[in-house]
Structures are given as structure tokens and as C-alpha cells.
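Here the structure comes first, spelled out in C-alpha cells, and everything after it is commentary.
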Amino acid sequence: MARFFFHVRDSETYIDVQGTVLPDLRTARREAVRFAGALLTDNPDTFWQGAEWTMRVTDEADLTLFELTFFATEGASSVP
């Protein structure tokens, strides 16, 4: 088991100081996707405000294990 930290940065930075104990990196990847999906579901309008946001997943030594990057773009014919 290892502790993984899920830090989120959009217009602000949210540092995960508690972390989550998970069995392995594969499970941490799944948790990151699940967590990102929940954030998008809970805040769909803010996602479309044009700012890129990232989720950086680290270990207990603050070593970046992987990062998810999210952004939205609209086509030329889109109406605000």
C-alpha cells in the first residue's frame, strides 16, 4: 500500500495534504480518472470558462507519478 496525493490546479491550486492510501499505481490512475470525472460533473460550467486545469498525482516524496490535463475548445460555429 502507498499514499497518493491528488493535487488540482485550475485558476487556483488545491493541494491534497491528506493523500489517499491505495494498493498500487494502477489503482491510483483509476482513482484519478474517477476523481476528475466527479470534479467535471460537479462543476461543468467552470470547465467551459477556457482555463486549462490539471491533476498532478504524487507520491509521499512529492515525486510526480503522472498528470492529467483538461481543457475545452469550441469550434468556430459555436454560440456562447
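For this chain, numbers begin at 1 and follow the sequence in order.
For Arg34, the side chain to side chain donor-acceptor pair (under 3.5 Å) partners two or more places apart in sequence, or in a different chain, are Glu31. Partners of Thr27 by side chain to side chain donor-acceptor pair (under 3.5 Å), not counting sequence neighbours, listed by chain and number: Asp24.
Considering all non-hydrogen atoms of both residues, Asp59 and Leu63 come closest at OD1-N, 2.9 Å. Listed here is the closest heavy atom pair of Leu22 and Ala28: CD1-CA, 3.6 Å.
A heavy-atom distance below 4.5 Å is not found between the side chains of Val57 and Glu67. The shortest side-chain heavy-atom distance between Phe4 and Val21 does not fall under the 4.5 Å cut-off. Between Thr13 and Val8, every side-chain heavy-atom pair lies at or beyond the 4.5 Å cut-off.
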Item to complete: In sequence, state the C-alpha distance, the side-chain angles, and the governing distance for Thr69 and Trp53, and then conclude on side-chain contact (heavy atoms from CB on, under 4.5 Å).
Response: CA-CA 6 Å; Thr69 303; Trp53 68 273; over 6 Å; no
message = I'd like to know whether Tyr14 forms a side-chain contact (heavy atoms from CB on, under 4.5 Å) with Arg9, so could you lay out the CA-CA distance, the side-chain angles of the two residues, the decisive distance to 0.1 Å, and finally the verdict.
response = CA-CA 6 Å; Tyr14 303 92; Arg9 180 180 51 82; over 6 Å; no
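Side chain of Asp16 to main chain of Phe5: no donor-acceptor pair is present (N/O by atom type, distance under 3.5 Å, no hydrogens or angles).
Annotation: Arg30, atom CZ; neighbour count of heavy atoms from other residues, nucleotides and ligands within 6.0 Å does not exceed 12.
Phe70 CZ to Thr54 OG1: the interatomic distance, rounded to the nearest 0.5 Å, is 9.5 Å.
Side chain to side chain, His7 and Thr58 meet the donor-acceptor criterion of an N or O pair below 3.5 Å.
Classification of the Phe6-Phe35 ring pair by plane angle, with boundaries at 30° and 60°, yields perpendicular.
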